[in-house]
There are 2 protein chains.
Amino acid sequence: MIAIGEASRLSGVSIETIRYYEREGIISTAGRTASGRRTYTDAEISELRFIKRSRDLGFSISDAVALRHLANAPSDACETVEQLGRKHLFNVQAKLAELQQLESALAELVANCTKGLSDCPMLDALRAR
Amino acid sequence: MIAIGEASRLSGVSIETIRYYEREGIISTAGRTASGRRTYTDAEISELRFIKRSRDLGFSISDAVALRHLANAPSDACETVEQLGRKHLFNVQAKLAELQQLESALAELVANCTKGLSDCPMLDALRAR
DNA sequence: TATGCATCCTGTAGCCACTACAGAAGCAAG
DNA sequence: CTTGCTTCTGTAGTGGCTACAGGATGCATA
């Protein structure tokens, strides 16, 4: 019988988060012992791991849930999965581009710091133009 | 006399956010007309712009506030500013690396979709190993 | 003067996905 | 029986906004 602590260790999802997932209906409701402690089956551990992997790939909770449903669907789910994946990849690439721009802007500002072009080039940049 | 709507247009900060900033003590308290509407001076618009630029560079609100204080400090603030900048740049670079990893993992998964190596390679990857 | 529309006000609740308690109860080993 | 670990429920907090509801004010036009 798997308790929540071991479920957490096995899935990589924290105890608090597992309880949160259950509360929010993101995963199925765990069984209980006579004294009220949650128990988990292997299938439920897989469920947790599936959500965890999806989250680690940056999918939102609702996407993760959708993917899980698709994983249990009869078939022809693959196309829908691919669409979800492409949409997410697109968003990730957009965020990546944004972050790269930010990085170079910031790197330039920091590099100017040591050059002593003015009193403080970084503050100058932040001040009004 | 600058009203909040124009302050918003001039600074690029939304009206709701300006009010939020005031409520939280992030910017100084705006003056009021007889009927209770907020009024802004040029200095306050600059203040908003400063916060906006800092936020656009990804600094946290508390960093932005710290930078603003440093901008008004007598001098030798530049070193502290540089430290803050470097710390932030470091975090941004870490996040960037993480996102790049995520992007390639996701891109690979999506690329496999069309190859039809299995029923659905993406779902396979999300399922337990 | 009346009307209508834009702008503004306060206060509260919601977003995302957790995370962090407090206070109580259960369980296993020595 | 005690000690210490685990688990329980319930609630509140995080960051940084954003989105209302319901009302007041300001200004231009008919």
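In this text the structure is predicted, and so the values were computed from the model without any measurement. Chain letters run A, B, ... following the sequence lines, proteins first and then strands; every chain starts at 1.
By the 6.0 Å contact criterion, CD on A:Glu79 is open, its count of non-hydrogen atoms from other residues, nucleotides or ligands being 12 or less.
The other members of the hydrophobic cluster of B:Ile45, by chain and number, are B:Ile2, B:Ile4, B:Leu10, B:Val13, B:Ile15, B:Ile18, B:Tyr20, B:Tyr21, B:Ile26, B:Ile27, B:Tyr40, B:Leu48, B:Ile51, B:Ile61, B:Val65 (side-chain heavy atoms under 4.5 Å, ILVMFWY only).
Applying the side-chain hydrogen bond (donor to acceptor under 3.5 Å, both in side chains) criterion to A:Arg86, with sequence neighbours excluded, gives A:Glu82. Residues satisfying the side-chain hydrogen bond (donor to acceptor under 3.5 Å, both in side chains) criterion with A:Glu6, sequence neighbours excluded, are absent altogether. Every residue two or more places apart in sequence or in another chain that forms a side-chain hydrogen bond (donor to acceptor under 3.5 Å, both in side chains) with B:Lys52 is listed here: B:Asp56. The side chain to side chain contact (heavy atoms under 4.5 Å, CB included) test applied to A:Ala3 returns no partner, not counting sequence neighbours. For B:Ala66, the side chain to side chain contact (heavy atoms under 4.5 Å, CB included) partners two or more places apart in sequence, or in a different chain, are B:Leu84. With sequence neighbours excluded, the residues satisfying side chain to side chain contact (heavy atoms under 4.5 Å, CB included) with A:Glu103 are A:Ala107, B:Leu89, B:Val92, B:Gln93, B:Leu96.
First and last contacting nucleotides of DNA chain D toward chain A (any atom under 4.0 angstrom from a heavy atom, 5' to 3' order): D:dT6 to D:dT9.
In DNA chain D, the stems built from three or more successive Watson-Crick or G-U pairs (distances below 3.5 Å) are C:1-30 with D:1-30.
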note = Once base and sugar-phosphate atoms are separated, protein heavy atoms under 4.0 Å mark nucleotides 8-20 of chain C, 5' to 3', with B, S and - as SBB------BBSB

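Residue pairs meeting the ring-ring contact (aromatic ring centres under 6.0 Å, His included) criterion with at least one partner in residues 85-114 of chain A, sequence neighbours excluded, are A:Phe59-A:His88. Counting only residues at least two apart or in different chains, side chain to side chain donor-acceptor pair (under 3.5 Å) contacts with residues 26-39 of chain A comprise A:Glu22-A:Arg38, A:Ser28-A:Glu47, A:Thr33-A:Ser35.
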